[in-house]
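Below is one structure, written out as structure tokens; comments come after it.
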Amino acid sequence: MSLLHKLAFLVILLFPASWVLAEFQRGENGMVSSRSDIASEVGKDILAQGGNAIDAAVAVGFALAVTYPSAGNIGGGGFMVFRTAEGEVYTQDAREKAPLAASRDMFLDSNGEFDRQLSRNSLQATGVPGSVAGLLDALERFGTMSRAEVIAPAIKLAEEGFQLNADLANQFQNNLSTFQQYPASLQKFSNKGQAYVNGDLWQQPELAATLKLISANGRDGFYKGPVADNLVASMQANGGLITHEDLANYEPVWREPIHGNYRGYDVWSMPAPSSGGILLVQMLNMLEPYDLNELGWGSTETVHLMIEAQRRAYADRAEHLGDPDFYNVPTAMLTSKEYAQQRFSDFNPDAASSSEDIGAGSWPQESMQTTHYSIIDAKGNSVAVTTTLNASYGNKFVVPGAGFLLNNEMDDFSSKPNTANGFGLIGGVANEIQPSKRMLSSMTPTIITYEDKIFLVTGSPGGSTIINTVLQVVVNAIDHRMNIEDAVTSPRFHHQWQPDIVRYEVGAMTDQVVDELNSMGHKGLSRSRFSLGDANSIMLIENTLEGVSDPRNEGGVAGF
Ligand code: DON
């Protein structure tokens with residue numbers, strides 16, 4: 001570890017902000033790292049019973065819907081990267097889809113202005129949920145245990161309840177006034193209208209009933225029958241668009257993984273409709289010609305190089321990326337070494353380039369509320385899953401009688417050209433709204449191998465910042481040869497082309513580096529109000545699994 005890096009750690013130790021201690025574990029037989037210690041234990045128990053990584057991933061997915069409701073979900077969507085012990089890699093897209101009744105200009109008012117409220121805080125903001133279909137499909141295809149076995153822990157947690165920790169109790173308290181808008185939301189997240197407090201028992205009987213229907217009837221327990229009836233009734237009563245036909249038609253898609261190679265390591269990640277894998281590989285390709293280890297972690301040269309890679313990749317995101325079923329995404333071009341070389345040929349080591357002055361981007365005001373979990377089993381199967389409701393608690397609407405939150409993922413579409421969404425991201429035709437189309441994502445569940453052996457399983461929440469968080473974990477691990485704890489804990493920075501500003505966590509760069517970057521022409525360098533990402537990750541080092549739950553937030557790693 002360089003002196004600079006040690007200093008950065010010292011800063012974190014002295015000024016921990018809201019960070020909690022990194023949870024770190026070693027094990028030989030299996031490891032689960034997630035945002036919820038209870039959910040990680042659920043996954044570990046499944047592995048200990050002889051289940052494989054997919055069995056555990058499905059159990060953790062359902063458990064997170066109970067124990068981490070701001071992002072764990074059955075009313076949202078997500079992505080999964082799965083690598084078998086034999087080395088085959090599969091990626092599953094369980095992203096939400098626009099309802100059939102959606103249309104390009106549905107979030108524009110009569111003056112053609114983008115209506116942010118409608119696109120984020122309404123039932124029209126909800127995409128057709130994909131999580132249940134995705135998890136069950138993964139289980140059927142690659143699991144070894146029964147649906148009932150892997151959903152049972154989630155049912156038990158919802159039915160019998162669990163003790164709220166301060167993290168969850170505070171979240172519920174902080175959102176109480178928002179939940180008051182909707183009776184079923186208030187009922188679920190408050191104690192008869194009063195705020196829950198740390199240590200209270202929290203039970204979710206309606207969610208338990210929904211999970212039982214899924215356990216008994218499979219996807220039909222969610223996409224048809226009483227749960228679907230309740231969801232559609234909510235839509236009809238509140239101006240939402242999702243119909244029985246939308247629900248019945250929803251299918252997850254297994255897609256060709258994004259594959260890159262970085263300094264001899266193989267990078268496997270999520271293809272479109274996520275931008276994550278493409279941008280990750282594109283940025284790594286741009287950085288590969290430079291010896292980042294030699295230049296040093298946190299040095300002006302390294303940070304400058306990375307910002308410039310980020311700027312170019314995110315600009316391409318806005319132009320070229322959308323749902324590949326609707327738009328011809330130039331994946332091969334964007335992930336090729338030749339393209340990266342050409343795209344980075346105007347890099348100036350002494351000066352910042354300027355993002356074109358278009359689009360009034362704004363910075364995300366939401367805290368981090370997607371969630372990522374990583375799993376490796378005893379045989380060496382590995383799974384990376386990132387799942388979300390989009391904003392924290394989605395659109396905050398709990399479906400009466402069914403007990404789960406709805407997503408507000410429609411805001412991830414580009415509703416109006418060059419107009420920022422909730423993450424300050426802009427886009428155009430590639431990501432415009434069309435019926436049944438999937439909205440572009442930044443989620444980047446990623447598996448890295450070296451000489452056909454697992455090296456790293458990682459991913460993160462954080463909206464537009466996700467890809468840069470994953471990039472920094474990967475560069476820390478590969479270039480700076482950090483162990484998993486340091487790779488995840490080290491402070492991070494973020495640039496996304498538009499708005500043309502750089503945000504960084506305390507310790508990500510020294511004052512001197514900030515001054516030098518300023519004088520090179522980098523704009524808007526400032527400390528981020530929020531921590532960047534929550535990269536619950538696992539590394540395999542000499543046949544030992546090392547897992548960490550990101551200290552930026554609560555969470556747990558469970559290994560054995
Ligand atoms: O799919 C996406 O890129 C976003 N809906 C993810 C949202 C997210 O990470 C929320 N956390 N800040």
Side-chain angles (χ1 to χ4, degrees), residues 35 64 68-73 75-80 91-98 119-121 125-131 134 171 175 269-280 313-314 317-318 321-323 362-373 384-396 405-415 420-427 431 433 437-446 458-470 492 494 496 503 528-536 550 552-553 555:
R35 177 66 170 79
L64 282 169
Y68 187 56
S70 67
N73 67 81
F79 297 115
M80 173 185 287
T91 60
Q92 189 207 53
D93 162 1
R95 181 70 161 169
E96 299 93 327
K97 294 175 73 164
S119 135
R120 280 166 222 170
N121 301 319
T126 304
V128 184
S131 291
Q171 286 187 26
N175 284 290
S269 192
M270 203 60 221
S274 183
S275 57
I278 293 173
L279 264 68
L280 176 65
Y314 276 80
R317 182 192 194 279
L321 298 195
D323 182 347
S362 64
W363 196 256
Q365 294 304 311
E366 293 275 354
S367 60
M368 305 295 165
Q369 297 298 359
T370 292
T371 196
H372 175 83
Y373 57 98
V385 178
T386 314
T387 183
T388 191
L389 292 163
N390 192 28
S392 180
Y393 298 90
N395 66 359
K396 281 74 171 176
L405 281 160
L406 294 175
N407 69 79
N408 63 345
E409 216 78 57
M410 293 290 285
D411 189 57
D412 274 349
F413 277 116
S414 174
S415 287
N421 77 352
F423 298 106
L425 292 166
I426 58 179
N431 190 32
I433 304 175
K437 188 176 176 181
R438 285 160 152 94
M439 54 296 279
L440 184 60
S441 173
S442 301
M443 293 189 280
T444 316
T446 296
T458 192
S460 178
S464 54
T465 68
I466 292 173
I467 319 167
N468 286 333
T469 287
V470 175
R492 304 191 264 257
H494 172 74
Q496 62 179 48
R503 291 282 159 92
S528 177
R529 271 173 58 206
F530 299 109
S531 54
L532 297 175
D534 188 53
N536 303 313
D550 196 319
R552 289 165 178 78
N553 294 289

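No experiment lies behind these values; they were computed from the predicted model shown. One-based numbering, in listed order, for ligands and for the atoms of each. Atom set for the values below is all heavy atoms of this structure, side chains included, hydrogens, waters and symmetry mates excluded.
- Per-residue contacts place Ser442 under 4.0 angstrom from the following atoms of ligand 1 (heavy atoms of the residue considered): 1 (O), 2 (C), 3 (O).
- Of the N or O atoms in Pro461, none lie within a sub-3.5 Å distance of an N or O in ligand 1.
- For ligand 1, the atoms lying closer than 4.0 Å to a non-hydrogen atom of Thr370 are 6 (C), 7 (C), 8 (C), 9 (O), 10 (C), 11 (N).
- Salt-bridge annotation for Arg95 and Asp93: absent, with no side-chain N of the basic residue lying under 4.0 Å from a carboxylate O of the acidic one.
- When the side-chain contact (heavy atoms from CB on, under 4.5 Å) test is applied to Glu96, the partners found at least two apart in sequence or on another chain are Asn407, Glu409, Met439.
- Looking at Glu409 against ligand 1, only its side chain comes within 4.0 Å, counting heavy atoms.
- None of Asp412, Ile426, Asn431 except one satisfies the side-chain contact (heavy atoms from CB on, under 4.5 Å) rule with Asn421; the exception is Asp412.
- Near Ile466, with a cut-off below 4.0 Å to any heavy atom, the atoms of ligand 1 are 9 (O).
- The distance from ligand 1 to the heavy atoms of Met443 drops below 4.0 Å at these ligand atoms: 1 (O), 3 (O).
- Assignment of Arg95 to the shell around ligand 1 is supported, since a heavy atom sits closer than 4.0 Å.
- Annotation: Tyr314 is in aromatic contact with His494 [ring centroid separation under 6.0 Å].
- Near Asn390, meaning under 4.0 Å from any of its heavy atoms, are these atoms of ligand 1: 4 (C), 5 (N), 7 (C), 8 (C), 10 (C).
- For Tyr393, the ring pair (Phe, Tyr, Trp, His ring centres under 6.0 Å) test picks out Phe179, Phe189, with sequence neighbours left out.
- Between Arg120 and Asp411 there is a salt bridge, with a side-chain nitrogen of the basic residue lying less than 4.0 Å from a carboxylate oxygen of the acidic one.
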